[in-house]
Amino acid sequence: MDYKVMYQQWLDNPYFDEETKAELKAIEGNEKEIEDRFYMDLEFGTAGLRGVIGAGTNRMNVYTVRKATQGLANYILSLKAEGKGVAIAYDSRHMSPEFADEAALCLAANGIKAYVFESLRPTPELSYAVRKLGCTAGINITASHNPPEYNGYKVYWEDGAQITPPHDSGIMDEVKKVTDYAACKTMTLEEAKAAGLYQTIGADIDDPYIEELKGLVLHQDSIDAVKDKLTIVYSPLHGTGNIPVRRVLKELGFQNVHVVPEQELPNGDFPTVSYPNPEAAEAFELGLALAKKVNADLVLATDPDADRLGVYVKDSKTGEYHTLTGNMSGCLIGDYVIGQRKAIQGSLPQDGAFIRSIVSTNMADAIAKYYGIQLVEVLTGFKFIGQKMLEFEKTGNGAYLFGMEESYGCLTGTYARDKDAVVASMTLCEAAAYYMTKNMTLWDAMLEMYERYGYYKDHVESITLKGIEGLAKIQEIMNTLRENAPKEVGGLKVLAARDYKTDTIQDFVTGETRPTGLPKSNVLYYELEDDAWVCVRPSGTEPKVKFYIGVKGSSMADADEKSASLGKKVLDMIQEMI
């Protein structure tokens, strides 16, 4: 339907409230803004919704949330799985509590019980709650680390992971079928509570969640030995991590935990940063200033929904604070957990597995090889790590030891099925305590890993292409690369080209073609000579095409040089296309 017609329908239809209509009247005559808000429905993708908050079909608002929830409810009802209910959590973003209740009341009107957290909670705790309560599904209202004007809606299934096939496509199909906003069911909060279809949850989930985390500690003795010596600076970046991270560290005995005061309290404007991403250096400016004052050993920051962890660690020899990328911190935590499990238990499970996404560092492969366990690759998105964990459980083949992805997310333990920055913070602090008892810092441990496994360097480049034209250009880039696979990238020969959309790996050395063995996805991956690689994929949450780049050097300086050079050459190659 024409965007102008849709715009007028929202203005004329009594179903839409006066506040919504006033917002739309304010943009009257602004054709570009009207088009952007109404040229399409906000897409319900494989993880759910994410978009700018505002009135319109291509925006996050109570109506698009209700529409998505009606589709989810229809899918649950089609499976006759309504009896187990749905858990709902939300973060500190604008409209998060309102969207959470909107979803809950739509579910209730469809006869599906909603378990709603009393206040904001981390994403991983929602994953845990789905499993703990035995729910059919979960909904999390969050836009992760996106700018303040965004919010989102993630859907989880009964295993606690974000939806994967066949449920993702099944839910998407049902959402698409909902074409009339007025047909979406809802009821009042009082009615839902009276019918026993709306239940508030809180400490009944918080307490066992924290106990699960504490049960994963391997060296309480090390924590006890240095609990008054190790100094930690932490920032929740105005999000959900403040209470659970501080609580678990306190209960384990850490005495010197300093929270960045300007970033402690929830605030949907995220006033101290341009956007609340622990991957960005600006997110650490206040934390590093505090770290220098208190002489901190490590600085931690979690994103608003506390599934991603950013880290700086102190080099005791120079006094400098070094940033750890998601690949570095993931490998540091994974190596500690797997190595210490082996040291304590004497051996690891024969079918033990380290799981990583295809765009994560090859250092993970080296760690798995060192400990004699299998390395399992999955598509980008922690839900695929969760899917593999479920497969291990169902088949009895495979023992999950650790999982990580380069985007600053990992999971120790099987209590949840999403990345957890709360447990990552806890485990990294435990590792810092352990290494302190060995007269080492976390930076010393990182350098030791480079010496043992090789100087791996990984980073991400991206090109942002906004709007309708941008989407077309991103697709054009992917099509060009797919149809004309390069024989070299950045001056390095391509040894093999993987196309996850066509499920093929072209081996240019042997001439053979074989399947990738993974589900179809719009991703291209080039294995290059000299232990290098490049992976290309459109972002699932932002108008970007992303280029993941990995190299291996003979030293840190060599790896840095190779990484910078390859990154520049890749961007130059793409710029020629656009």
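Electrostatic pairing of K394 and E391 does not count as a salt bridge here, judged by no charged N lying under 4.0 Å from a carboxylate O. A salt bridge links D444 with K317: at least one charged nitrogen is closer than 4.0 Å to a carboxylate oxygen. Between R452 and E448, at least one side-chain N (NZ, or NE/NH1/NH2) sits under 4.0 Å from a carboxylate O, which counts as a salt bridge. Taking 4.0 Å as the cut-off between side-chain N and carboxylate O, K520 and D503 do not count as a salt-bridged pair. At a threshold of 4.0 Å, the pair K552-D530 does not count as salt-bridged, since none of the basic side-chain nitrogens sits closer than that to a carboxylate oxygen. Looking at E405 and R308, no side-chain N of the basic residue comes within less than 4.0 Å of a carboxylate O on the acidic one, giving no salt bridge.
Test D418, N140, D420, D307 against T123 for side chain to side chain donor-acceptor pair (under 3.5 Å) and you get one pass: N140. The side-chain contact (heavy atoms from CB on, under 4.5 Å) test with R537 is passed by exactly one of N522, T380, I474: T380.
Relative to the ring axis of Y150, R93 does not place its NZ or CZ within 45° and under 6.0 Å from the centre. A cation-pi arrangement is found for K487 relative to F508, the charged atom lying closer than 6.0 Å to the ring centre and inside a 45° cone about the ring normal.
Counting heavy atoms from C-beta on, the side chains of I163 and Y156 never come closer than 4.5 Å.
In this structure, A416 and P124 approach most closely via the heavy-atom pair CB-O, 3.9 Å. Closest approach of G567 to E461, counting heavy atoms only: CA-OE2, 4.1 Å. Taking each heavy atom of A291 and V299 in turn, the nearest pair found is CB-CG2, 3.5 Å. Heavy-atom minimum distance, D458 versus G550: OD2-CA, 3.5 Å.
Residues satisfying the side-chain hydrogen bond (donor to acceptor under 3.5 Å, both in side chains) test with S127, not counting sequence neighbours, are none.
Here ring-ring contact (aromatic ring centres under 6.0 Å, His included) pairs that include residues 331-351, with residues two or more places apart or in two chains, are Y336-Y434.
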